[in-house]
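Everything on this sheet refers to the single structure shown next.
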Amino acid sequence: MTVPSESELEFLRSIDTPTVCNLVEIVAPERRGHGYTVKHLHCPFPELPPMVGFARTVTFKAKDAVPLGQAGYMQKRLDYLDYVAAAPRPSIMVMEDLDGEHVGYGAFWGEVQSNVHKALGCLGVVTNGSIRDIPMIASGFQMLAGSIVPSHAYVHVVDFGIDVTVHGMAVKSGHLIHADRHGAIVVPADKIGEMRSALDGLAAREAKIIAAARAGGDIAAIKAAMKG
């Protein structure tokens, strides 16, 4: 796995997720139609800056209790904490709710889990499941979730360190994730240098079109700007 440098991570933190999507399109055109979330995610803290971290992948359920015979579930939860805390860091939890038509039935995320995961080096979570305890969430912990509910019901981890898909974004454990209020994307870690090099050209093209539009909306000027 390609491990980004600190300067590359800092570059990613300096731009928003739509810009990351635009840059990925430029350096990896085959990624234009996939690798990012394609459905709305609730973001209770839109003012937080973008988060950039390594995926910790988890599947979970909440509608039904842990099946009988799983007496070792507490050990699974302890092993799960080791997984969350492992390198590389910082991490972002990417969690797939497996409750099907009842997705979001119970919230894994609230005051307790946000504080625990923040202490283990986690920046936030991206999940198709639900969240709760919004005013009590750990400071600076970002959340992108499919829904908001009041109860945790019978929420329990099914598996971790496996491939997951959250709102159309397929993720493997260790993938580099960029996320903000708009959604999330898997960043091709070996392309960050190319993305950084492409940023000035992208910004200049967009600025030229916007300037033409703001200059009075002359259609000829706008067409000329779009042609480059």
Side-chain angles (χ1 to χ4, degrees), residues 2-55 90 92-94 96 104 123-128 131 134 140-148 164-172 175-228:
T2 301
V3 178
S5 66
E6 182 54 39
S7 66
E8 288 177 328
L9 294 176
E10 185 60 33
F11 161 68
L12 291 173
R13 288 191 286 265
S14 73
I15 56 179
D16 62 22
T17 305
T19 300
V20 173
C21 289
N22 288 347
L23 293 172
V24 170
E25 288 179 14
I26 294 171
V27 304
E30 71 281 1
R31 279 285 312 274
R32 183 166 185 155
H34 66 93
Y36 50 87
T37 54
V38 298
K39 295 181 180 179
H40 174 258
L41 289 164
H42 294 272
C43 179
F45 310 114
E47 72 283 357
L48 288 179
M51 56 178 178
V52 182
F54 301 94
I92 294 175
M93 304 307 301
V94 183
E96 182 178 359
L123 302 174
V125 59
V126 181
T127 181
N128 62 321
I131 55 177
I134 304 303
F141 193 87
Q142 184 59 286
M143 310 177 89
L144 299 174
S147 58
I148 300 172
V164 299
T165 299
V166 171
H167 279 200
M169 182 178 70
V171 181
K172 294 181 180 295
H175 268 165
L176 184 63
I177 303 295
H178 190 289
D180 67 10
R181 63 188 296 176
H182 302 91
I185 182 173
V186 175
V187 179
D190 60 340
K191 300 284 189 180
I192 299 173
E194 295 176 51
M195 292 168 63
R196 181 155 49 183
S197 297
L199 179 60
D200 286 346
L202 172 66
R205 287 193 298 274
E206 291 183 342
K208 187 176 182 180
I209 295 169
I210 292 169
R214 290 177 175 173
D218 179 74
I219 189 168
I222 294 173
K223 286 181 177 181
M226 292 181 68
K227 290 178 181 179

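Note that the numbering runs from 1 along the sequence shown for the chain. All of these numbers come straight from a predicted model, not from anything done at the bench.
Scanning all heavy atoms of the two residues, the minimum distance from Val126 to Leu41 falls at CG1-CD1, 4.0 Å. Between Ala198 and Ile26, the shortest heavy-atom contact is CB-CG2, 4.1 Å. In this structure, Gly53 and Ile92 approach most closely via the heavy-atom pair N-CD1, 3.4 Å. In terms of heavy-atom proximity, Val24 sits nearest to Pro188 at CG2-CD, 3.8 Å. Here the closest non-hydrogen pair linking Leu176 and Ala189 is CD2-CB, 4.4 Å. Here the closest heavy-atom approach between residue Phe141 and residue Gly124 is recorded as CZ-CA, 3.5 Å.
In this structure, CE on Met169 lies 9.0 Å from CD1 on Ile185, to the nearest 0.5 angstrom. Distance CG/Leu12 to CD1/Ile192: 4.5 Å, rounded to 0.5 Å.
In terms of the ring-ring contact (aromatic ring centres under 6.0 Å, His included) criterion, Phe11 has no residue partners (sequence neighbours excluded). Scanning for side chain to side chain contact (heavy atoms under 4.5 Å, CB included) contacts around Lys223 gives Ile219, with sequence neighbours left out. Applying the side chain to side chain contact (heavy atoms under 4.5 Å, CB included) rule to Ala55 yields the partners Thr57, Val94, Val171, His175, Ile177; only residues at least two apart in sequence or on another chain are considered. For Pro49, the side chain to side chain contact (heavy atoms under 4.5 Å, CB included) test picks out no residue, with sequence neighbours left out.
At a threshold of 4.5 Å between non-hydrogen side-chain atoms, the residues Leu123 and Gln142 do not count as touching. Counting heavy atoms from C-beta on, the side chains of Asn22 and Glu206 come closer than 4.5 Å.
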task: Just do the side chain to side chain contact (heavy atoms under 4.5 Å, CB included) check on Met195 and Val187 with the steps written out, would you?
output: CA-CA 10 Å; Met195 292 168 63; Val187 179; 4.2 Å; yes
- request: For side chain to side chain contact (heavy atoms under 4.5 Å, CB included), just list the numbers for Thr127 and Met143, CA-CA rounded to whole Å, side-chain angles, deciding distance to a tenth of an Å, and then say yes or no.
  value: CA-CA 8 Å; Thr127 181; Met143 310 177 89; over 6 Å; no
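Pairs of residues two or more places apart, or lying in two chains, that qualify as side-chain hydrogen bond (donor to acceptor under 3.5 Å, both in side chains) and include a residue from residues 5-16 are Ser5-Ser7, Glu6-Arg13, Glu10-Arg13, Asp16-Thr19. For residues 178-203, the side-chain hydrogen bond (donor to acceptor under 3.5 Å, both in side chains) pairs, not counting sequence neighbours, are Thr17-His178, Thr17-Asp180, Asp180-His182. Under the side-chain hydrogen bond (donor to acceptor under 3.5 Å, both in side chains) criterion, no residue pair touches residues 29-52, with sequence neighbours excluded.
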